[in-house]
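Structure record follows, encoded as structure tokens.
By convention here, the first residue in the shown sequence is residue 1.
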Amino acid sequence: MQDDYRADVAVIGAGIMGTAIVTRLIETGHKVSVFDLDTEKVAALQVKGARAAGSVEEAVSRSAFCVLSLNHANIVRAVVFGEKGVVAAANADKVLIDMSSIDPADTADMAMRLRRETGMAWVDCPLSGGVPGALSGRLTIMAGGSAEDFERARVVMRHLAANYTLMGASGAGQTTKLINQLFCAVLFQAVAEAVKLAEAGGVDPAAIPAALAGGRADNRIMQEFMAKFAARDFSPTGRIDNMLKDLDSLQAFALKTKTPLPMTGSVVEIHRLLCAAGLGPKDSAEMMRLLDGFQAG
């Protein structure tokens, strides 16, 4: 792979993450075609240099790589196998890179079907690092697929990810993303509880990350979010309902594999409670409202 090689890339899904991915790919010299049902989102990306496509098929027909940034396995399945979907323009020279977070078994099933019907490769590439990571090319990507297809996808991933790791066959990237979300959800809850405990003891919670830096309790979520939680800063960095979607997938996988996850189960129910209270679209810092007895704000 030549370091100066740039590809034609189709990006399907222009939500928050999709928009960041498109922006980064354009800035690093790729030619990007975008399809989304929300034409206003696509128009905003056209201003940045993206090409609008009238269908998934049209976007994929122009491109060697197809990046999916979607919310659910059912949407991914419809986009790939539905009318004017990926399959309509797929062939063995193209690579599908699914950056959605979906069920590992669904991923393995769809990857096998796409290869069987069209010869097109599938690499599951769920991500961690959010919008800031995408815009700076510093995402962590956990990949699933063959070693050959993993390397083919590097043409695109090298401009999006600082850490791009092959975890195993199709679906292994999605399994690793579930583990990532387990850590994140449990740590967000731990940070919220630590803030309350610090406040109750007369300690400034914003001072805790520096005090614990380098010790065994040190972790990135504490360093990045404890001061935000303490300040009741509810500015958006991620949605509670999106986390619950991933946690539901995690629990379904755990049930299927008979894996006990007692701590995670409690955190899942806390997220479900927050969604029931109408806080699903809000930032994880909204966990503080629950611990505050919904008195703040």
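Taking every heavy atom of both residues into account, V42 and A52 meet most closely at CG1-CB, 3.6 Å. Annotation for D93 and N91: closest pair N-OD1, 2.8 Å, computed over non-hydrogen atoms. Between G18 and S69, the shortest heavy-atom distance links the atoms N-OG, 3.4 Å. In plain terms, the two heavy atoms of M157 and C125 that are nearest each other are SD-SG, 4.2 Å. Residue C275 comes nearest to G280 through the heavy atom pair SG-CA, 3.7 Å, listed as atom of the first residue, atom of the second, then distance. Heavy atoms only, all atoms of each residue included: S136 and R138 are closest at OG-CG, 3.1 Å.
Atom-to-atom distance recorded for L96:CG and M110:CE is 9.5 Å, nearest 0.5 angstrom. Atoms NZ and CD1, on K228 and I221 in that order, are 12.5 Å from each other to the nearest 0.5 Å. Residue D218 holds its CG atom at 4.5 Å from CD of Q223, rounded to the nearest 0.5 Å. Summarising the geometry, atom CD belonging to E286 is positioned 9.0 Å from atom CZ belonging to F294; distances are rounded to the nearest 0.5 Å. In this structure, OG1 in T259 is found 9.0 Å from CG in L255, a value given to the nearest 0.5 Å. Here H271 contributes atom NE2 and T264 contributes atom OG1; the two are 11.0 Å apart, rounded to the nearest 0.5 Å.
For the pair R113 and F81, the cation-pi test (distance below 6.0 Å, angle within 45°) is passed.
Ring geometry, F188 versus F225: the interplanar angle exceeds 60°, so the pair is classed perpendicular (tilted spans 30 to 60°). Ring pair H30/H159 is perpendicular by interplanar angle, where above 60° counts as perpendicular and below 30° as parallel.
When the shell of 6.0 Å around CG of L291 is examined, it contains more than 12 heavy atoms from other residues, nucleotides or ligands. Shown here is K84, whose NZ atom has no more than 12 heavy atoms of other residues, nucleotides or ligands within 6.0 Å.
Side-chain contact check for M142 versus T165: every heavy-atom pair is 4.5 Å or farther apart. Counting heavy atoms from C-beta on, the side chains of S170 and M112 never come closer than 4.5 Å. Side-chain atoms of M99 and I21, non-hydrogen and from C-beta on, do get closer than 4.5 Å to each other. R232 has its side chain within reach of F234: a pair of non-hydrogen atoms, C-beta onward, lies under 4.5 Å apart. When side chains are defined from C-beta on, T237 does not count as touching E224, because their heavy atoms never get closer than 4.5 Å. Side-chain contact check for D283 versus R239: every heavy-atom pair is 4.5 Å or farther apart. Using a 4.5 Å heavy-atom threshold, the side chains of D149 and W122 count as separate. Residues L178 and P104 are in side-chain contact: their nearest non-hydrogen atoms beyond the backbone lie under 4.5 Å apart.
Defined by atom type and a distance below 3.5 Å, a donor-acceptor pair is missing between the side-chain atoms of K41 and T19. Counted by atom type alone, Q174 and D103 present zero donor-acceptor pairs between their side chains at under 3.5 Å.
A salt bridge links D8 with R51: the distance from a Lys NZ or Arg NE/NH1/NH2 to an Asp or Glu carboxylate oxygen falls below 4.0 Å. Taking a cutoff of 4.0 Å between a charged side-chain nitrogen and a carboxylate oxygen, E148 and R154 do not qualify as a salt bridge. A salt bridge is absent between K282 and D241: the closest approach of a Lys/Arg side-chain nitrogen to an acidic carboxylate oxygen does not fall below 4.0 angstrom. At a threshold of 4.0 Å, the pair K177-D124 does not count as salt-bridged, since none of the basic side-chain nitrogens sits closer than that to a carboxylate oxygen.
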(message) Using the rule given for side chain to side chain contact (heavy atoms under 4.5 Å, CB included), can you reason through R272 versus D248, listing the C-alpha separation, both sets of side-chain angles and the distance that settles it, and then say yes or no?
(response) CA-CA 10 Å; R272 206 178 308 286; D248 282 341; 3.1 Å; yes

(request) Check step by step if side chain to side chain donor-acceptor pair (under 3.5 Å) holds for K48 and T23. (result) CA-CA 7 Å; K48 297 181 179 183; T23 301; 3.0 Å; yes

(request) Test S33 against E58 for side chain to side chain contact (heavy atoms under 4.5 Å, CB included), laying out the working first. (result) CA-CA 9 Å; S33 297; E58 180 183 337; over 6 Å; no

(message) As a quick check of understanding, evaluate side chain to side chain contact (heavy atoms under 4.5 Å, CB included) for V123 and D98, giving each step before the final call.
(response) CA-CA 6 Å; V123 184; D98 184 20; over 6 Å; no

(request) Could you check K31 against R62 for side chain to side chain contact (heavy atoms under 4.5 Å, CB included), going step by step and ending with a plain yes or no? (result) CA-CA 10 Å; K31 295 179 181 178; R62 299 172 178 169; over 6 Å; no

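In terms of modelled atom types and a separation under 3.5 Å, the side chain of T107 and the main chain of G171 share no donor-acceptor contact. With hydrogens and angles disregarded, a donor-acceptor distance shorter than 3.5 Å links the side chain of D36 to the backbone of A14. T118 places a side-chain N or O within donor-acceptor distance of the main-chain N or O of M120, the cut-off being under 3.5 Å.
Hydrophobic clustering (ILVMFWY, side-chain heavy atoms < 4.5 Å, transitive): V9 and L139 are in one cluster. V156 and V32 end up in the same hydrophobic cluster when Ile, Leu, Val, Met, Phe, Trp and Tyr side chains are linked at under 4.5 Å. A continuous path of hydrophobic side-chain contacts links F229 to I240 [ILVMFWY only; heavy atoms under 4.5 Å]. Taking hydrophobic clusters as Ile, Leu, Val, Met, Phe, Trp and Tyr residues chained together by side-chain heavy-atom distances below 4.5 Å, I16 does not share a cluster with L70. Both I270 and V191 belong to a single network of hydrophobic side chains, linked directly or stepwise wherever heavy atoms of I, L, V, M, F, W or Y lie under 4.5 Å apart.
When R115, R77, R116 are each tested for a salt bridge (Lys or Arg N to Asp or Glu O under 4.0 Å) with D109, only one passes: R77. Exactly one residue among T28, L25, I141 makes a side-chain contact (heavy atoms from CB on, under 4.5 Å) with L160. That residue is L25.
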